[in-house]
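Report on one structure; see the data block that follows.
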Amino acid sequence: MNIFEIYLKKINLVLSKNKEKLGLKDFNNYKNITIETPPSDFDFDLSCNAALVLAKLNKINPTLLSKKIKDLLLSNLKDFKEIEIAGPGFLNIRFSNEALISNINSIIENRNSFGAKKTNKSFNIEFVSANPTGPMHVGHCRGAIYGDVLSNLLKFNGNSVTKEYYINDYGKQIQGFVKSVFLRIRELKYGEKFIQKDDLYPGAYIIDIAKNIIKKNKNVKYENFEESFEALKKESLNFSMDLIKSDLNNLGIKHDKFFSETKIVENKLVEKSISHLKKKKYVVEGYLEPPKGEKDKNWKKIKRLIFKSTKFGDDTDRAMQKNDGSWTYFANDVAYHLDKINRNYDCLINILGADHTGYIKRISAAVKALSENKVELQCKVCQLVKLFKKGKPFKMSKRAGEFISVQDLLNEVDKDSIRFMLLNRSNDVEIDFDFDKILEKSKDNPVYYVQYSFARISSLFRSLNLDLNDKVVLKKDKFKLNDFEIKILRKIFEWPKIIEISSSKFEPHRIPYYLYELATLFHSYWSKGNQDPKYKFIKDGKIKNIETYIIITLVAIVVQRGMNILGVSLPERM
RNA sequence: GCGUUCGUAGCUCAACUGGAUAGAGCGCCUGACUUCGGAUCAGGAGGUUGAGGGUUCAAAUCCUUCCGGGCGCACCA
């Protein structure tokens, strides 16, 4: 139930029925008409720009038109008690008591789904997909939490969502990773000193993995790397994926499906997708242009299979084969996306870090080519988290063994703070993340402010012996809200709109902002009671009146829904 | 050089995707608890929305030219 939508429809209907009366010829473009909450210094429930939009289209005076529309709406819609014309022709509207009561009751009736915008589609969200060469570092957190919340949000709207993790367990990095494990095993078993080289991972976790593998395979000698490779790869990957899964779990994230790149190669999915694309002439044998950036002496002009991604808006065609003829990472990824397409989702979502922005055009092109434009692929980019240590920029590298892990972070700050902090901003701005300041900052993390509002309500209900889930129905004709309650109610009315924008734009950062604002209104009301007893919620040991009871219940409902979507806990006591 | 993205208060960020006097937090200043939880509240100072031009009733938002930062630019993943 989104009252802005409901009343927009009602108003549009009245206007179109009376267009001659209003002197409107052009009424086609009324989609620009919007309903919003007026700025807070206006004491009205709704604000509509109909007169401004229509006056422009029909070249008539907006003030005159707004007066006509005002009279028309008041005589046709009994939900409206009062309309005032403001500024250049905005219509500021106040609800009748009957309308307020019925709007409130319908929220209470649908409390579990209040705000949901039912769309019933099926989504696949691929996110995190960190290389399985070690535990997660803090840079992965943002995309991980963003993807998780996006998934919660889409589910709240009645969609089915598969959260998927693509395991990059194929290629050079894995070779280096497995080799590192192998050398650590040799070190532990035979005392051969581990010597750091470029392609090796020095991190201490490799030693743990090596120890575990030795324990499990007491009789294996690990003499020859090539011979040990397959078995060792499998075991090492299991250990590092366990590390990653436990990190994710500690952040409150659980994927539904893990998809292995190695399987793509083993099951010849690349060949399948390429023959698919060859038939349509989207993959052909040919030559690539030299790279346009810095000149590289190693570049060679070689005949290979290329994907004609320029046909779908990419800047250049893309290699499917490396110089040695093996498949590129991209070729594997194309095959992976064909697999996802064949699983019949309405929409695929990829969540990427900013360092992969340049990849979007080619993979979008691939999905268009593979699905004949029928499957939607949304690539959402999370800007990087810029790390600082003691005020200085800090560059992380798993290969250098220099990084801050998710676990390091979780040892200092709780999951709820991390989630709220990272969600509390649009994903296309960079975040400065100073590890040394994070503790002191986390003390005034807004998450506590929102949680505290709920704890206060819980405490209030406890002392009154009321249950938040009790059903309250408004029947009174005399229905009077005080200033604080009316402000809160108007905020509550906005909730469905926040959900709609957040989910249609994939921008969940609006939710924490909204919840903070709602909590502010509530805290303000609460504190007023300390100053002026007539604003206290409790009178003679009972809730003051039904209006107050309802408003507080509504706050609790929305805070619960919101925090649920954010994946943040909501304790009854703090 | 090309692509992409950002630039809003001292700092970190919002702004319902074109709406009204651009809003919050932190920091700074002044105030408020013997009983519904002070992890709170009330108030103050702080702005040429990077710069110029354009589109219109209306621009932080759209177009354009600059300036500045991030990320990417064969084969790696």
Side-chain angles (χ1 to χ4, degrees), chain A residues 4 32 34 36-42 47 49 51-53 55-56 61-63 86-90 92 129 131 133 168 170-174 261 288-294 296 298-302 304 314-316 318-319 321-324 326 328-330 332-333 353-361 381 383-384 386 424-426 428-432 441 443-446 448-449 451-453 455-456 458-464 494 497-498 500-502 504-505 507 509-510 513-514 516-517 519-520 523-531 536-539 541 543-544 573-574:
Chain A
F4 300 94
N32 288 334
T34 58
E36 297 173 8
T37 311
S40 57
D41 10 332
F42 292 84
S47 164
N49 65 354
L52 292 169
V53 173
K56 183 189 177 182
N61 182 308
T63 314
F90 288 103
N92 286 332
S129 299
N131 281 334
T133 53
N168 298 134
Y170 189 83
K172 274 183 195 166
Q173 294 192 4
I174 293 301
E261 186 180 1
L288 288 175
E289 296 292 310
K292 283 170 185 159
E294 280 178 45
D296 189 332
N298 297 326
W299 185 82
K300 286 177 197 162
K301 192 167 187 175
I302 287 175
R304 67 180 98 213
D314 198 2
D315 313 315
T316 167
R318 303 293 173 176
Q321 288 177 300
K322 302 179 195 172
N323 287 351
D324 65 4
S326 62
T328 57
Y329 173 83
F330 177 61
N332 292 347
D333 206 21
D355 49 342
H356 290 79
T357 312
Y359 194 71
I360 295 175
K361 279 186 182 174
V381 171
Q383 288 302 319
L384 299 183
K386 268 204 269 180
N424 203 14
R425 47 204 73 194
S426 144
D428 42 35
V429 301
E430 289 168 36
I431 298 183
D432 287 348
K441 263 191 191 170
K443 283 178 194 156
D444 34 63
N445 192 304
Y448 300 125
Y449 186 85
Q451 286 178 325
Y452 188 52
S453 69
R456 276 180 151 175
S458 300
S459 139
L460 181 70
F461 274 53
R462 257 197 316 273
S463 64
L464 289 169
E494 285 181 42
K497 204 167 180 173
I498 298 296
E500 190 190 336
I501 296 164
S502 300
S504 64
K505 303 285 172 189
E507 289 178 357
H509 72 276
R510 292 154 198 277
Y513 270 97
Y514 171 85
Y516 190 92
E517 286 164 2
T520 300
H523 285 310
S524 170
Y525 186 14
W526 177 293
S527 305
K528 184 72 179 175
N530 294 336
Q531 243 175 292
K536 283 197 184 287
F537 300 150
I538 296 176
K539 198 181 172 188
I543 188 83
K544 184 173 53 184
R573 300 170 200 262
M574 293 172 71

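This is a predicted model, so every value here is computed, not measured. Worth knowing before you read on, the calculation uses all heavy atoms, side chains too, and leaves out hydrogens, waters and symmetry mates. In what follows, every chain begins at residue 1, and chains take the letters A, B, ... in the order their sequences are listed.
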Quiz item: With a non-hydrogen cut-off below 4.0 angstrom, is A55(A) in contact with a base, only sugar-phosphate, or nothing?
Solution: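 Counting heavy atoms under 4.0 Å across all strands, no contact is made by A55(A).
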
Quiz item: Q173(A) near the nucleic acid: base, sugar-phosphate alone, or nothing, with a heavy-atom cut-off under 4.0 Å?
Solution: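 Result for Q173(A) = sugar-phosphate.
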
Self-check item: 5' priority, RNA chain B, between G529(A) and G353(A) [closest heavy atom]
Solution: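 The residue whose closest nucleotide sits nearer the 5' end is G529(A).
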
Self-check item: Of D355(A) and D324(A), the one whose closest RNA chain B nucleotide lies more 5'
Solution: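 Upstream on the strand: D355(A).
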
Self-check item: For Y170(A), ring pair (Phe, Tyr, Trp, His ring centres under 6.0 Å) partners two or more places apart
Solution: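 Per chain and number, Y170(A) pairs via ring pair (Phe, Tyr, Trp, His ring centres under 6.0 Å) with no residue.
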
Determine the Euclidean distance between corresponding [atom1] atoms of [M] and [N]; express it in Å to zero decimal places.
{"N": "A59(B)", "M": "G19(B)", "atom1": "P", "answer": "11 Å"}
{"N": "A15(B)", "M": "G50(B)", "atom1": "P", "answer": "15 Å"}
{"N": "A58(B)", "M": "A20(B)", "atom1": "C1'", "answer": "9 Å"}
{"N": "C28(B)", "M": "A22(B)", "atom1": "C1'", "answer": "22 Å"}
{"N": "U55(B)", "M": "A74(B)", "atom1": "P", "answer": "42 Å"}
{"N": "C62(B)", "M": "U4(B)", "atom1": "P", "answer": "14 Å"}
{"N": "U8(B)", "M": "G47(B)", "atom1": "P", "answer": "15 Å"}
{"N": "C11(B)", "M": "G46(B)", "atom1": "C1'", "answer": "12 Å"}

Taking the side chain as every heavy atom from C-beta outward, state whether [X] and [Y] have any atom pair closer than 4.5 Å.
{"X": "V429(A)", "Y": "Q383(A)", "result": "no"}
{"X": "R573(A)", "Y": "S458(A)", "result": "no"}
{"X": "Y513(A)", "Y": "I498(A)", "result": "no"}
{"X": "H356(A)", "Y": "V381(A)", "result": "no"}
{"X": "N530(A)", "Y": "K536(A)", "result": "yes"}
{"X": "T34(A)", "Y": "F4(A)", "result": "no"}
{"X": "L460(A)", "Y": "I538(A)", "result": "yes"}

[X] side-chain proximity, nearest of [options]:
{"X": "L460(A)", "options": "C36(B), A14(B), C71(B)", "result": "C36(B)"}
{"X": "A319(A)", "options": "U4(B), G70(B), C75(B)", "result": "C75(B)"}
{"X": "S463(A)", "options": "A77(B), G3(B), C36(B)", "result": "C36(B)"}
{"X": "K172(A)", "options": "C71(B), A77(B), C13(B)", "result": "A77(B)"}

Exercise. Return the set of residues passing side chain to side chain donor-acceptor pair (under 3.5 Å) with S504(A) (not counting sequence neighbours), or none when no residue passes.
Key: none

Once you round it to whole Å, what is the distance between [atom2] of [N] and [atom1] of [X]?
{"X": "K505(A)", "N": "A14(B)", "atom1": "NZ", "atom2": "C1'", "result": "17 Å"}
{"X": "K497(A)", "N": "A15(B)", "atom1": "NZ", "atom2": "P", "result": "14 Å"}
{"X": "E289(A)", "N": "G1(B)", "atom1": "CD", "atom2": "P", "result": "21 Å"}
{"X": "K536(A)", "N": "G37(B)", "atom1": "NZ", "atom2": "C1'", "result": "11 Å"}
{"X": "E500(A)", "N": "U17(B)", "atom1": "CD", "atom2": "P", "result": "9 Å"}
{"X": "L384(A)", "N": "U4(B)", "atom1": "CG", "atom2": "C1'", "result": "13 Å"}
{"X": "Y513(A)", "N": "C26(B)", "atom1": "OH", "atom2": "P", "result": "13 Å"}
{"X": "R425(A)", "N": "C26(B)", "atom1": "CZ", "atom2": "C1'", "result": "12 Å"}

Exercise. Hey, can you tell me if Y525(A) and F537(A) have their rings parallel, tilted or perpendicular (30° and 60° cut-offs)?
Key: perpendicular

Self-check item: E507(A) bridged to R510(A) by N-O distance under 4.0 Å
Solution: yes

Self-check item: Nucleotide pairing, RNA chain B (Watson-Crick or G-U, distances under 3.5 Å), in dot-bracket with [ ] and |
Solution: (((((((..((((.....[...)))).(((((.......))))).....(((((..]....))))))))))))....

Quiz item: Between T520(A) and Y516(A), is there a donor-acceptor pair closer than 3.5 Å when you use the side chain of the first and the backbone of the second?
Solution: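 Looks like yes, one N/O pair under 3.5 Å.
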
Does [X] make a side-chain N or O approach to OP1 or OP2 of [N] shorter than 4.0 Å?
{"X": "R510(A)", "N": "A15(B)", "answer": "yes"}
{"X": "H509(A)", "N": "A15(B)", "answer": "yes"}
{"X": "S459(A)", "N": "G37(B)", "answer": "yes"}

Self-check item: Intermediate values then yes/no, side chain to side chain donor-acceptor pair (under 3.5 Å), Q173(A) and T133(A)
Solution: CA-CA 8 Å; Q173(A) 294 192 4; T133(A) 53; 5.2 Å; no

Between the protein and nucleotides 18-22 of chain B, list every N/O to N/O distance that falls short of 3.5 Å.
| unit_1 | atom_1 | unit_2 | atom_2 | d |
| --- | --- | --- | --- | --- |
| G19(B) | N7 | N49(A) | ND2 | 3.3 |
| A20(B) | N6 | S47(A) | OG | 2.3 |
| A20(B) | N6 | N92(A) | OD1 | 3.1 |
| A20(B) | N1 | N92(A) | OD1 | 3.4 |
| A20(B) | N1 | N92(A) | ND2 | 3.3 |

Exercise. For each nucleotide in nucleotides 39-47 of chain B, reading 5' to 3', give B when a protein heavy atom comes within less than 4.0 Å of its base, S when such contact involves only the sugar-phosphate, and - otherwise.
Key: BSSS-----

Practice problem: Taking salt bridge (Lys or Arg N to Asp or Glu O under 4.0 Å) as the test, write out the residues that go with D333(A), two or more places apart. | Solution: none

